[in-house]
Amino acid sequence: MEPRYDPQSVETRWQETWEAEGLYAAEAADPRPAYVVAFPPPNVTGELHMGHALQLALADALIRWKRMQGYNCLFQPGYDHAGISTQYQVEKALEAEGRRRQDVGREAFVELVWDWLRRYGRTIMTQFRRMGASMDYRRERFTMDEGYTRAVLRFFVHLWEKGYLYRDHRIVNWCPYHLSALSDLELDHVEVEDELVYVRYPLADGSGHVTIATARPATILADVAVAVHPDDERYRGLVGRRAVVPFVEREVPVVADERVDPAFGTGALKVTPGHDPVDFEIGRTHGLPEPMVVGPDGRMNGAVPEVAGMTQEEAAAAVLAWCEERGLLERREPYRHTIAVCERCGSRIEPLISLQWWCRMDELKRPALEALRAGRVRYHPPSQHRFAIESLEAAPDWNVSRQIWWGHQLPVWYCPDGHLTVAEREPEACAECGTRELVRDPDVLDTWFSSALWPFATLGWPERTPDLERFYPGDFNITAREIIRLWENRMIFSGLELLGEVPFRDVIIHSTVLAPDGRRMSKSLGTGVDPLDVIAEYGTDATRYGLAKISSQQDTRLSYEAFAEGRSLAIKIWNAARLILLNAEGVRPALAPRDLEERWILARLDAARAGLEEAWGRFDFAEATRILYRLVFDDFCDWYAEAVKPRLSARDPDACATALAALERLLALLHPVMPHVSEEIWSRLPERKARLIVSPWPEPDPRWADAEEAEALERVRDAAVIFRRSGVRVELGSEDERRIFDAVVKPQRVRVDGDREAEIERLRREIARAEGMLANEGFVQKAPPEVVAAEREKLERYRRELAALGDPSC
RNA sequence: GGGCGGUUAGCUCAGCUGGGAGAGCGCCUGCCUUACACGCAGGUGGCCGCAGGUUCGAGUCCUGCACCGCCCACCA
């Protein structure tokens with residue numbers, strides 16, 4: 001057995017072996033109980049980042065643990081087509097050649113995206129494998145593959161037939177670059193230096209004017225009202241009168257609306273329903289018209305001929321010049337505020353009105369809310385549960401249409417008379433009038449529309465496949481906080497709507513990984529860390545361990561120390577295994593615990609197993625790493641291995657057999673977090689029947705569950721500490737205890753600095769503390785009896801130890 | 001503005017249902033003890049953010065405050 005452990009070659013070899021031997025495979029015909037994770041499909045163009053690595057480390061640990069417990073585990077791999085994101089990447093590539101998608105045309109562009117994906121896409125599954133993710137890679141699915149697309153169209157038709165879908169003119173976030181509506185969740189907000197201008201709107205009766213403040217003077221041309229707060233004393237007499245919009249000289253009403261903030265600007269708001277979301281709401285409330293002056297490209301449209309084709313800056317200049325000439329421009333001041341930009345391309349968002357498809361949420365969300373409230377789906381940590389419920393309660397109708405080309409085109413056809421035909425397959429003729437002149441709706445569906453179906457569309461829905469019967473509903477889902485509204489809630493309500501059951505029972509919201517300096521990880525900041533670099537330096541097992549260790553907080557800093565700790569752990573186990581294997585040649589593993597330290601380590605292994613079960617069950621991954629670290633370093637290596645080493649060196653057959661058996665158990669406990677090093681060692685043990693990955697999770701054995709050994713070891717520990725610090729040997733009761741003491745402390749080699757006085761001082765302090773506690777009547781009467789008893793025991797022990805040191809006061 | 005989380009050793013963080021302030025790294029000391037120097041043994045180091053409260057007892061529970069972070073949000 002090599003003295004040095006080299007993770008790189010070992011890890012890739014096992015990844016290939018496990019997959020080739022079919023040990024990741026999940027089969028519908030397998031009668032064992034199923035355990036299923038709904039794992040977020042990465043973008044088809046994506047690269048592995050720390051978020052993926054963390055998700056994989058956590059989900060895979062759970063899957064591996066359950067696999068050892070005898071479950072038929074399904075860990076489904078796949079990709080998301082990621083609509084706008086993917087389209088944008090291909091558009092960027094096109095732009096490098098000086099072309100835009102409009103130059104190539106829709107059909108050719110979509111073909112281009114497919115080509116591009118064949119060349120650059122689908123690489124991330126290789127990286128998933130490098131993380132050791134035990135996915136059934138044969139089952140790879142894509143949200144745009146044929147069967148999945150059928151599911152998406154079926155979902156749309158289903159919603160249409162239930163009357164949940166409708167078309168409506170609504171104000172949307174319009175990206176002038178992508179020429180598409182974006183959801184609120186696809187926006188970024190950036191701070192900009194703007195200008196706030198104060199403009200007078202003359203009253204129609206000539207009796208004066210009202211001054212409004214605006215950051216977007218070009219939209220003055222689309223104003224249809226002036227609004228003030230109903231309680232605003234300054235404008236009490238104004239409501240109901242009429243004002244004149246500058247430049248276009250249109251008479252508009254002054255209305256009262258509570259959405260106006262009296263403290264902002266002059267307290268009077270110009271109402272522009274066509275280009276502002278709040279104004280749109282105010283306009284609908286007051287039945288105002290909804291003209292638009294900005295076109296889809298962000299420039300002025302033809303509505304006002306004088307400014308047609310201008311940029312908004314040019315139009316603003318023209319409007320303000322007009323106002324200035326007439327003394328209507330009161331003042332302009334610098335104004336710093338945040339604006340919405342497209343998160344993909346950074347273009348300033350133009351709110352404008354367009355015809356979109358909407359999905360009514362009131363009926364859909366009701367059963368999902370019931371399921372959440374009843375705890376049929378539980379979020380972890382629980383603080384996210386309330387957030388999930390509240391955000392679902394508040395969910396507005398869902399804008400499902402996008403004006404891009406890459407995605408699932410709406411299964412909607414129009415005839416020249418304006419009739420709609422909604423069908424899964426292209427219809428021959430209009431469903432209403434029978435004409436064959438049909439034009440398909442050019443829009444595609446929101447990418448989350450298909451993601452919502454992931455837990456069951458990947459299993460063959462809408463067909464009732466054996467996979468679907470077997471693996472739905474699943475067990476857990478793991479994702480980032482900001483995805484809850486986009487994905488989690490939608491999977492839950494669509495699962496309930498289409499299959500009548502929630503798709504999973506537990507949702508693990510993992511922490512956000514920050515850069516080591518606490519800043520957000522991002523390519524633009526240069527703070528990104530490539531998980532593959534970490535793997536190259538520390539190994540996959542160490543990376544998985546490190547990620548699990550830091551996963552306990554809401555926002556967690558990446559820590560190289562945690563990876564280094566994982567690496568030390570792997571090396572430590574490797575060396576512990578060497579100690580045993582080098583001495584136990586030709587011995588078969590058997591549980592033949594004869595001596596104290598053997599019964600003790602078996603009890604410790606069982607205790608660790610119970611602790612791990614509890615931690616896995618609570619999804620407390622950090623706790624699991626702590627248990628493993630303590631088990632390996634403190635218990636297994638520093639005490640058990642040291643204690644049993646003389647007997648191993650002497651080739652004591654019982655000691656060797658038991659050591660092998662104990663090592664087997666240790667490796668099994670380790671496997672979910674560090675599968676590679678544990679499998680590598682496992683493969684070198686004698687008489688292997690199966691790979692560790694599919695070997696049983698250890699069962700507890702009550703034979704060595706009692707506390708006697710623990711107490712004896714505790715006595716040895718105390719004696720060792722006192723000896724090392726003071727050179728005084730405390731009397732030990734049994735032969736076993738003395739033997740372990742000698743093996744672990746190696747008295748002949750210990751150089752004692754001999755500060756007996758300091759040790760006496762320390763024990764006196766402890767005794768004083770314990771005596772103080774026990775003298776406290778409140779403590780003795782009200783504290784739990786076992787706590788008081790423990791305190792008494794400690795006091796006794798300290799006194800004994802003090803006596804052993806030959807303290808004159810005893 | 002709303003929600004969530006954080007504030008404990010020089011650094012990164014544990015501390016679950018209130019009863020001895022902990023780990024890893026760093027630093028200091030001693031050890032190449034035939035598994036491991038990527039190691040072993042020992043040590044230094046802390047008004048547990050601040051102020052109140054509950055309790056015999058608070059890092060732990062309650063209230064308030066301060067600072068930091070993340071997510072969300074329509075202030076023209």
Side-chain angles (χ1 to χ4, degrees), chain A residues 1 3-5 171 184-185 189 196 212-216 219 227 259-261 263-266 268-272 276-282 335 337-338 340 351 381 383-384 386-387 390-391 394 480-482 484-485 511-512 514 516 518-520 549-550 552-562 564-565 567-583 614-615 618 620 622-623 626 629-630 633 637-638 641-642 645 648-649 720-721 724-725 744-746 748-753 766 769-770 773 776-784 787-788 790-791 794:
Chain A
M1 197 166 170
R4 268 181 142 50
Y5 175 63
I171 193 142
D184 291 345
L185 305 160
H189 295 86
L196 195 63
I212 59 87
T214 179
R216 300 188 62 199
T219 63
R259 280 163 285 210
V260 179
D261 176 3
F264 186 90
T266 62
L269 169 74
K270 73 190 222 20
V271 181
T272 321
D276 184 279
V278 178
D279 296 13
F280 180 83
E281 298 297 328
I282 294 176
Y335 181 50
H337 67 146
T338 56
S383 57
Q384 300 304 324
R386 195 161 58 87
F387 172 73
E390 283 171 3
S391 55
R481 244 191 344 278
E482 65 266 24
I484 290 175
R485 299 192 305 172
S511 42
T512 305
L514 304 174
R519 286 188 296 169
R520 221 182 147 58
K549 182 184 163 72
I550 65 172
S552 60
Q553 297 173 292
Q554 184 169 286
D555 306 297
T556 184
R557 294 181 185 202
L558 195 71
S559 157
Y560 290 101
E561 286 176 10
E565 189 176 303
R567 182 174 55 191
S568 308
L569 184 57
I571 292 168
K572 192 70 176 172
I573 294 151
W574 179 257
N575 283 304
R578 286 188 71 216
L579 169 69
I580 296 169
L581 287 168
L582 292 177
N583 287 300
E614 210 262 336
R618 290 204 329 253
D620 189 344
E623 174 67 7
R626 281 192 290 273
Y629 191 90
R630 294 266 78 88
F633 273 86
C637 292
D638 295 346
E642 290 300 333
K645 198 193 283 185
L648 292 179
S649 305
V721 167
R724 281 168 178 148
R725 286 205 282 230
V744 172
V745 179
K746 301 184 184 72
Q748 67 283 6
R749 289 186 180 276
V750 171
R751 202 197 79 189
V752 176
D753 292 328
E766 294 290 355
R769 190 196 51 78
M773 294 275 294
N776 178 344
E777 275 183 43
F779 172 69
V780 176
Q781 285 167 16
K782 296 187 183 176
V787 173
V788 179
E791 205 58 47
K794 269 186 268 180

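Letters A, B, ... are given to chains in the order of the sequence lines, protein chains preceding strands, and every chain is numbered from 1. Just so it is clear, the values below take in all heavy atoms, side chains as well, and ignore hydrogens, waters and symmetry mates.
Nucleic acid contact class of A:Phe387 (heavy atoms, under 4.0 Å, all strands): none. Using a 4.0 Å heavy-atom cutoff across all strands shown, A:Arg630 reaches sugar-phosphate atoms only and no base atom. Looking at heavy-atom distances under 4.0 Å, A:Met773 makes contact with sugar-phosphate atoms alone, never a base. Residue contacts for A:Lys270: at a heavy-atom cut-off of 4.0 Å it reaches no nucleic acid atom on any strand shown. Using a 4.0 Å heavy-atom criterion, one finds that A:Glu777 contacts no nucleic acid atom at all. Within 4.0 Å (heavy atoms only), A:Asp638 reaches sugar-phosphate atoms of the nucleic acid but no base atom. At the heavy-atom level, A:Pro351 lies nowhere under 4.0 Å from the strands shown. At a threshold of 4.0 angstrom between heavy atoms, the contacts of A:Gln553 are confined to the sugar-phosphate backbone, with no base atom among them. The residue A:Tyr560 sits apart from the nucleic acid: no heavy atom pair falls under 4.0 Å. Counting non-hydrogen atoms under 4.0 angstrom, A:Ser552 reaches the backbone sugars and phosphates but no base.
Base pairing of B:A66: its partner is B:U7, meeting the Watson-Crick or G-U wobble criterion (both donor-acceptor distances under 3.5 Å). When both pairing distances are held under 3.5 Å, B:U34 makes no Watson-Crick or G-U pair with any nucleotide shown. Across all strands shown, B:A58 remains unpaired; no Watson-Crick or G-U wobble contact has both distances below 3.5 Å. Using Watson-Crick or G-U wobble geometry with both donor-acceptor distances under 3.5 Å, B:C74 finds no partner in any strand shown. Using the Watson-Crick or G-U wobble rule with both distances under 3.5 Å, B:G20 pairs with nothing in any strand shown. Under the Watson-Crick or G-U wobble criterion, with both distances below 3.5 Å, B:U44 is left unpaired in every strand shown.
B:G39 sits 16 Å from B:C25 when the C1' atoms are compared, rounded to a whole Å. Here, B:G45 and B:G22 have their C1' atoms 13 Å apart, quoted to the whole Å. Going from the P atom of B:C11 to that of B:C50 covers 16 Å, rounded to whole Å.
Listed candidates were B:C56, B:C70, B:G19. Nearest to the side chain of A:Glu791 is B:G19. The A:Arg626 side chain lies nearest to B:G15 when the options are B:G15, B:C11, B:A35. Comparing B:C71, B:A73, B:A76 by their closest approach to the side chain of A:Arg485 singles out B:A73. Here B:A35 is the nucleotide among B:G42, B:A35, B:C4 with the atom lying nearest to any side-chain atom of A:Ala641. For A:Ala576, the side-chain atoms get nearest to B:A35 when compared with the rest of B:C74, B:A35, B:G24. Listed nucleotides: B:G19, B:A76, B:A41. Nearest to the side chain of A:Asp276: B:A76.
In terms of heavy-atom proximity, A:Leu269 sits nearest to A:Asp279 at CD2-OD1, 3.8 Å.
Look at A:Arg557 and you'll find a side-chain N or O under 4.0 angstrom from OP1 or OP2 of B:U12. The phosphate of B:G24 (OP1 or OP2) has no side-chain N or O of A:Ser559 nearer than 4.0 angstrom. The phosphate of B:C25 has neither OP1 nor OP2 within less than 4.0 Å of any side-chain N or O from A:Lys549. The side chain of A:Lys782 places an N or O atom within less than 4.0 Å of a non-bridging phosphate oxygen (OP1 or OP2) of B:C56.
Distance alone, capped at 3.5 Å, places no donor-acceptor pair between the A:Asp620 side chain and the A:Ala615 backbone.
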